[in-house]
Amino acid sequence: MNYWLMKSEPDEASILDLQRAGTLPWTGVRNYQARNFMRDVMRLGDGVLFYHSSCPEPGVAGLAEVCSAAYPDATQFDPASPYFDAKSPREVPRWLHVDVRWRETTRLLSLKEMREAPELASMQVLQRGNRLSITPVSPQEWQAVLKRLHTA
DNA sequence: GCCAACGTTGGC
DNA sequence: GCCAACGTTGGC
């Protein structure tokens, strides 16, 4: 069982969108490291911190879980999609994604509060220069985030 | 809109 | 395989 933090722009897919939909395909990842996490390390039932990014109040907005294995991302073959990749061969699709299931919509644990929390200082998403949209979360960090989400 | 940080591309 | 140029991310 692993834990992850996954970034989503709420304009595209917010925690409320996920709550309404139940499950959503995590399409649009175009970074090899993030793809490899989904393909090689993620397992069914892995815990996900759903993080709102590129928005007025960035931070963790809810909890989700991985609910599929990685499979080819259809948007890479759609010329009308912003995620279209002309160089991805159909026989060997370059981009994959998992599906994610809603678990809980929480209070917003803001990026500011995360930065001020000593017990979260090790989180990869807080490290200088981090841009990865999917980052591993340790069991200790997961527990610490849950504790904060469920208090104050 | 700015810009730091980092990933990708492509010429050599 | 190096590395400069360019593109993207994402907080502010």
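Bear in mind the structure is a predicted one, so any value in this text is a computation, not a measurement. Just so we're on the same page: letters track the sequence lines, and every chain starts at 1.
Side-chain contact check for A/Ser53 and A/Glu9: no donor-acceptor pair (N or O, by modelled atom type) lies under 3.5 Å. There is a side-chain donor-acceptor pair under 3.5 Å between A/Asp17 and A/Ser14. Checking A/Asp99 against A/Tyr71 by side-chain atom types alone, a donor-acceptor pair falls below 3.5 Å. Defined by atom type and a distance below 3.5 Å, a donor-acceptor pair is present between the side-chain atoms of A/Thr75 and A/Arg30.
Relative orientation of the A/Phe50 and A/Trp26 rings is perpendicular, given thresholds of 30° and 60° on the angle between their planes.
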Check your understanding: What string of B, S and - do you get for nucleotides 2-12 of chain C 5' to 3' if you count protein non-hydrogen atoms under 4.0 Å?
Key -> -----BBBBSS
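Mapping A/Lys87 and A/Asn31 onto DNA chain B by nearest heavy atom places A/Asn31 closer to the 5' end of the strand.
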